[in-house]
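Heads up: the structure comes next, in structure tokens.
Atoms considered below: every heavy atom in the structure, side chains included; atoms not considered: hydrogens, waters and symmetry mates. Quick note on labels: first sequence line is chain A, next is B, and so on, each numbered from 1.
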Amino acid sequence: MIDDTSFDPETLDAELAESHSHQAQYPATDLRAGLTEPQLEAVTHINGPFLLLAGAGAGKTRVITRRAALLATTVAKPWEILAITFTNKAANEMKERVLTLGIGDKMNVSTFHAFCAKLLRIHHTEAGLQHNYTIADQSDRKKIIKEALQRAEISTANLTPAKVEFRISSAKSDMISPEAMLQNAEGHNDRLIGRIYTIYEEILTHQNALDFDDLLLKTATLLTENDDLRRRLENQYRYVLVDEYQDTNEAQYRIAHQLTREHGNLFVTGDPDQAIYGWRGANIQNILSFEKDYPNAKTVRLEQNYRSTKRILAAASQLITANIDRKEKTLWTDNEQGDPVRVIRCEDNNAEAASVVTDIKTLISQGVSESDIAIFVRINALSRSFEEQLFSAGIPYRIARGVAFYARKEIKDVLAYLRLIINPSDDVSLERIINTPTRGIGKKTIDHIKAFANASSPRLNLLEAVHRYEEIGLAKRAHQCLKSFSELLHKLAELSTTTARHTLEQTLSLSGLMADLNQTADIDAEPLQNIEELVSAASEFDTNHPDGTILDWLTFTSLLGDEDLLQGGTDSVTIMTLHAAKGLEFPAVYIIGVEHGLLPMIRFGSEDADDIEEERRLLFVGMTRAKKRLTLTFAARRMLHGMTSTTIRSTFLDELPHNEIQWLGDSQAWHVDQQRSGTAGGGWAGSSARSGGIDRLPSPRKPAAGLPEDIDEWQLGSIVRHPAHGLGVLIDLSRGARRSHVKVRFKNGMERAWILEFANLHRVDFDEVTDEAFGDEW
DNA sequence: TTGGGGGCAATTTTT
DNA sequence: TTGCCCCCAA
């Protein structure tokens with residue numbers, strides 16, 4: 001039987017409540033009721049550091065909300081409790097549940113970023129900021145990086161903006177300043193990035209803007225350097241809780257630490273096995289060494305799982321034990337045994353989608369609701385085959401992704417006007433709106449304005465430059481256009497003291513945006529609808545925050561993420577990435593593309609054990625989302641980036657408990673072979689006849705090949721031969737403990753990557769091939 | 001100033 | 001294969 005609350009992370013609580021014959025609503029005196037031993041221990045903990053290691057599906061939210069409620073009704077006032085989460089969703093959920101427990105809405109529940117944004121507004125002087133700073137989002141940040149690249153006059157040959165952005169963000173997460181980066185730079189590239197980072201910071205400062213990382217970084221620095229303020233805050237927040245502690249980065253770690261330095265009442269919850277944001281700067285060591293950081297810490301494990309069947313849990317548990325970086329934890333459940341976890345081998349990605357969709361059809365015909373079914377992918381690009389086939393099967397589906405509401409063009413456009421009203425230094429916003437809607441101010445005019453601003457001393461911000469249009473020396477037409485734009489901005493500047501809704505509506509009409517939207521509404525009504533939605537959002541904000549200012553509203557919108565997940569599609573199959581799946585649960589789960597290189601995702605040149613462990617955790621997270629039915633699939637051939645390649649099943653599959661798994665697919669023999677030859681890898685009796693593919697190995701299915709005997713002679717630039725693709729040059733080679741990877745560029749320019757053991761490549765000596773018309777580009 | 005076409009890269013993305 | 005970005009033509 002499948003219930004209909006799969007989307008609701010609170011299902012668990014409902015189940016728990018049910019199993020203990022309690023109401024959903026607990027009077028304060030009942031906060032200890034119906035708890036298991038470890039749960040009770042956590043709920044009743046009061047003073048000192050505490051680590052709650054909460055396994056997947058073990059009832060964590062229930063525990064922390066009850067503890068907060070208990071604190072708030074005994075030793076503390078609600079406003080003396082600070083609960084920090086990572087997502088708005090988690091924050092809202094906690095607020096709601098605390099409310100349900102009768103604690104009121106005075107408890108401080110907020111995301112890291114929202115908490116910091118507010119703190120920095122209030123204590124802007126101490127932090128060396130202006131009160132009206134704006135928050136640069138990802139696209140603003142990208143523009144600023146491009147600008148910085150230009151100013152640094154660096155040939156962007158091997159430095160994409162994305163790469164720079166990543167490096168800067170990582171540095172900030174680790175609390176590394178531009179100076180420190182320059183000092184410790186190893187190699188030319190690092191120095192370049194250090195220089196760009198420096199300029200990037202200058203631009204942000206000049207624009208009176210902070211990016212997301214700054215919110216954390218500046219707060220951490222402020223709390224570290226300003227002991228007086230730190231102390232006041234510590235007095236104010238006598239009990240601090242940090243959720244998803246395994247995902248904290250250095251800055252967040254510091255914030256939590258500084259806020260609790262003296263009273264030590266830091267209660268953290270998390271699960272190292274679900275740490276999947278290392279690539280975003282999160283440091284799993286924060287949770288792993290909590291007990292070292294806080295020697296008097298108490299640790300409690302929640303190991304009983306209320307979500308999945310025994311078999312699903314056994315498979316996931318076995319997988320995760322392969323990780324070294326973890327805290328020993330043994331999940332168990334009282335739930336039914338359930339059906340075996342299935343692993344399906346498919347011929348290619350279309351067969352994979354077909355097989356999954358067929359299975360879904362069967363489930364639906366048995367009365368399972370579409371919303372109880374989820375398909376998890378490692379990368380969004382994999383969703384396509386599934387979309388197509390779900391569509392043609394007439395099964396409603398939705399993709400939990402897409403452009404976040406506040407990242408849409410039309411939304412960003414209006415908000416840019418408002419941001420400029422609040423913060424006249426916000427050049428990125430000005431540049432965005434100067435010709436939106438089009439008003440005859442093109443690139444050339446903008447360049448003139450910029451040049452004028454830069455040439456002035458001190459350097460002007462663009463808004464000031466616009467207002468001094470007469471001094472720029474523009475052609476008559478451009479001069480006229482800029483004049484009316486300048487007048488428009490003056491008019492808008494006078495709006496700033498009114499409500500969010502009023503300001504928004506005025507801006508929409510004065511700027512001409514509304515007229516523009518109305519005009520295009522015939523062709524595409526969506527932008528207009530989005531704007532209408534924005535107006536009601538503003539209106540709602542005004543109602544909820546009678547004392548709120550435009551600035552508050554802008555901050556609010558800046559920190560709001562993608563809400564796609566929260567709304568809509570109550571009867572659709574959900575397609576989402578494994579990352580997006582964290583925290584959710586579904587009765588039926590399909591995990592797609594469990595192949596080497598995809599899951600684990602391998603990037604060349606950077607395969608180390610940490611990455612693999614995070615990938616393993618990602619699969620673990622995916623598997624533990626499933627309540628009743630779990631299916632993993634992989635395809636022998638996969639079309640990706642417009643190219644079909646032969647794949648190798650993921651080594652993670654070898655790490656599952658073989659005998660508990662139901663192995664399905666065109667070829668039945670492969671898994672049996674697995675059991676015989678251990679994890680060394682093996683082929684399967686291939687029904688497909690593809691040249692060069694490893695699925696073509698004749699039986700008996702031994703490992704495809706070992707390393708080539710002359711491996712020591714392989715080096716970058718070596719010439720190799722592939723049976724299907726011909727001659728190529730080795731452009732990447734990395735030797736790992738278990739597998740070696742190679743990348744080859746072929747004569748026609750195609751580049752392919754393989755695991756060397758399976759690649760069927762042979763090194764050839766240069767003089768053997770000179771007569772084969774090898775191009776000179778080699 | 002706008003649009004279209006070619007070139008090129010291509011994870012994950014709580015905020 | 002798709003999607004973004006940049007440059008060029010009208």
Side-chain angles (χ1 to χ4, degrees), chain A residues 84-92 110-117 135-139 141-142 146 156 160-163 165-166 169 172-173 210-217 243-244 246-249 251-252 274-282 349 376-385 388 400-404 406-407 435-446 477-478 481 555-563 565 576-584 593 597-604 606 611 614-615 617-619 621-622 638-644 749 751:
Chain A
I84 306 181
T85 65
F86 273 82
T87 65
N88 290 301
K89 192 179 161 198
N92 291 333
S110 140
T111 64
F112 263 108
H113 293 266
F115 173 75
C116 293
I135 298 171
D137 69 13
Q138 213 138 12
S139 68
R141 167 191 270 189
K142 209 168 181 183
K146 282 186 181 164
T156 56
T160 60
K163 193 165 184 179
E165 183 184 358
F166 176 79
S169 179
K172 288 190 174 186
S173 301
L210 300 183
D211 64 21
F212 287 139
D213 298 317
D214 282 334
L215 295 173
L216 306 174
L217 175 61
D243 194 18
E244 305 280 13
Q246 78 280 358
D247 290 333
T248 49
N249 63 25
Q252 288 158 327
Q274 296 184 68
I276 55 174
Y277 284 100
W279 55 277
R280 285 277 259 105
N349 49 300
F376 298 159
V377 292
R378 174 64 240 258
I379 54 174
N380 289 123
L382 296 191
S383 69
R384 231 193 77 215
S385 315
E388 286 168 7
R401 145 181 71 118
V403 198
Y406 287 96
N435 200 34
T436 311
T438 52
R439 47 172 73 88
I441 305 175
K443 188 175 183 311
K444 229 173 164 182
T445 314
I446 295 173
R477 196 186 141 79
C481 292
T555 306
F556 178 73
T557 60
S558 300
L559 298 177
L560 224 51
D562 190 348
E563 285 185 291
L565 264 184
M576 55 168 54
T577 63
L578 285 160
H579 284 90
K582 194 172 105 173
L584 304 176
L598 198 53
L599 186 62
M601 180 74 98
I602 307 281
R603 282 238 295 195
F604 275 88
S606 72
D611 291 340
E614 182 153 313
E615 296 292 318
R617 292 192 289 267
L618 199 49
L619 179 56
V621 165
R638 182 173 299 279
M639 156 100 102
L640 202 57
H641 307 327
M643 201 168 68
T644 301
E751 290 181 5

Nearest whole angstrom, please: distance from the [atom2] of [N] to the [atom1] of [X].
{"X": "A/Lys142", "N": "B/dA9", "atom1": "NZ", "atom2": "P", "answer": "14 Å"}
{"X": "A/Met576", "N": "B/dT13", "atom1": "CE", "atom2": "C1'", "answer": "14 Å"}
{"X": "A/Lys163", "N": "B/dA10", "atom1": "NZ", "atom2": "P", "answer": "10 Å"}
{"X": "A/Lys443", "N": "C/dC7", "atom1": "NZ", "atom2": "P", "answer": "8 Å"}
{"X": "A/Glu614", "N": "B/dT13", "atom1": "CD", "atom2": "P", "answer": "13 Å"}
{"X": "A/Phe166", "N": "B/dT12", "atom1": "CZ", "atom2": "P", "answer": "13 Å"}
{"X": "A/Asn249", "N": "B/dT14", "atom1": "CG", "atom2": "P", "answer": "15 Å"}
{"X": "A/Leu640", "N": "B/dA9", "atom1": "CG", "atom2": "C1'", "answer": "12 Å"}

At less than 4.0 Å, is any side-chain N or O atom of [X] found next to OP1 or OP2 of [N]? Yes or no.
{"X": "A/Thr577", "N": "B/dT13", "result": "yes"}
{"X": "A/Asn380", "N": "C/dT2", "result": "no"}
{"X": "A/Thr438", "N": "B/dT2", "result": "yes"}

Report task. Specify the residue among A/His641 and A/Asp247 whose closest nucleotide of DNA chain B lies further upstream toward the 5′ end. Result ->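 With A/His641 and A/Asp247 compared, the 5'-side residue is A/His641.
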Query - 5'-most by nearest nucleotide on DNA chain B - A/Met601 or A/Ile441 - result: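 With A/Met601 and A/Ile441 compared, the 5'-side residue is A/Ile441.
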**Report entry** Under 3.5 Å donor-acceptor pair, A/Arg378 side-chain atoms to B/dT11 base atoms
**Finding:**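 A donor-acceptor contact between them is absent.
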Query raised in the report: Just one of A/Asn349, A/Leu598, A/Thr577 clears the side chain to side chain contact (heavy atoms under 4.5 Å, CB included) bar with A/Leu382, so which one?
Result: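 It is A/Leu598; the other options fail the test.
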Report task. Determine yes or no for a side-chain-to-main-chain donor-acceptor pair under 3.5 angstrom, with A/Ser383 supplying the side chain and A/Asn380 the backbone. Result ->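 Yes; at least one donor-acceptor contact below 3.5 Å.
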Query raised in the report: Less than 5.5 Å between centroids and less than 30° between ring planes, does A/Trp279 satisfy that with B/dT11?
Result: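 Given the distance and angle limits, no, they do not stack.
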Query raised in the report: Can you tell me how far P in C/dC4 sits from the matching atom in B/dT13, rounded to whole Å?
Result: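 Result for the P pair: 15 Å, nearest Å.
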Query raised in the report: If we take the P atom in both B/dT12 and C/dC5, what is their distance in whole Å?
Result: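 Nearest-Å result for B/dT12 against C/dC5 at atom P: 15 Å.
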Requested in this report: Would you indicate what A/Tyr277 reaches in the nucleic acid, counting non-hydrogen atoms under 4.0 angstrom: base, sugar-phosphate, or nothing?
Outcome: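 If one applies the 4.0 Å heavy-atom cut-off, A/Tyr277 turns out to touch a base.
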Report task. Select base, sugar-phosphate, or nothing to describe what A/Glu244 touches, counting heavy atoms under 4.0 Å on all strands. Result ->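 If one applies the 4.0 Å heavy-atom cut-off, A/Glu244 turns out to touch nothing in the nucleic acid.
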Query raised in the report: C/dT1, B/dT14, C/dC5: which one has an atom nearest the side-chain heavy atoms of A/Lys146?
Result: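 The answer is C/dC5, which lies nearest to the side chain.
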Query raised in the report: Out of B/dT14, B/dT12, B/dT1, which nucleotide sits closest to the side chain of A/Ile379?
Result: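 For the A/Ile379 side chain, the nearest candidate turns out to be B/dT12.
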Query raised in the report: Does any non-hydrogen side-chain atom of A/Ser558 lie less than 4.5 Å from one of A/Asp137?
Result: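 Result no, sub-4.5 Å side-chain heavy-atom pair not found.
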**Report entry** Sub-4.5 Å side-chain heavy-atom contact between A/Asp211 and A/Lys172
**Finding:**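 SC-SC contact between A/Asp211 and A/Lys172 confirmed.
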Query raised in the report: Is atom CZ of A/Phe212 surrounded by more than 12 heavy atoms (other residues, nucleotides or ligands) closer than 6.0 Å?
Result: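 Buried by this count: over 12 neighbours within 6.0 Å.
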**Report entry** Nearest-0.5 Å distance, CD of residue A/Gln252 to NE2 of residue A/His113
**Finding:**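 So the gap between those two atoms works out to 5.5 Å.
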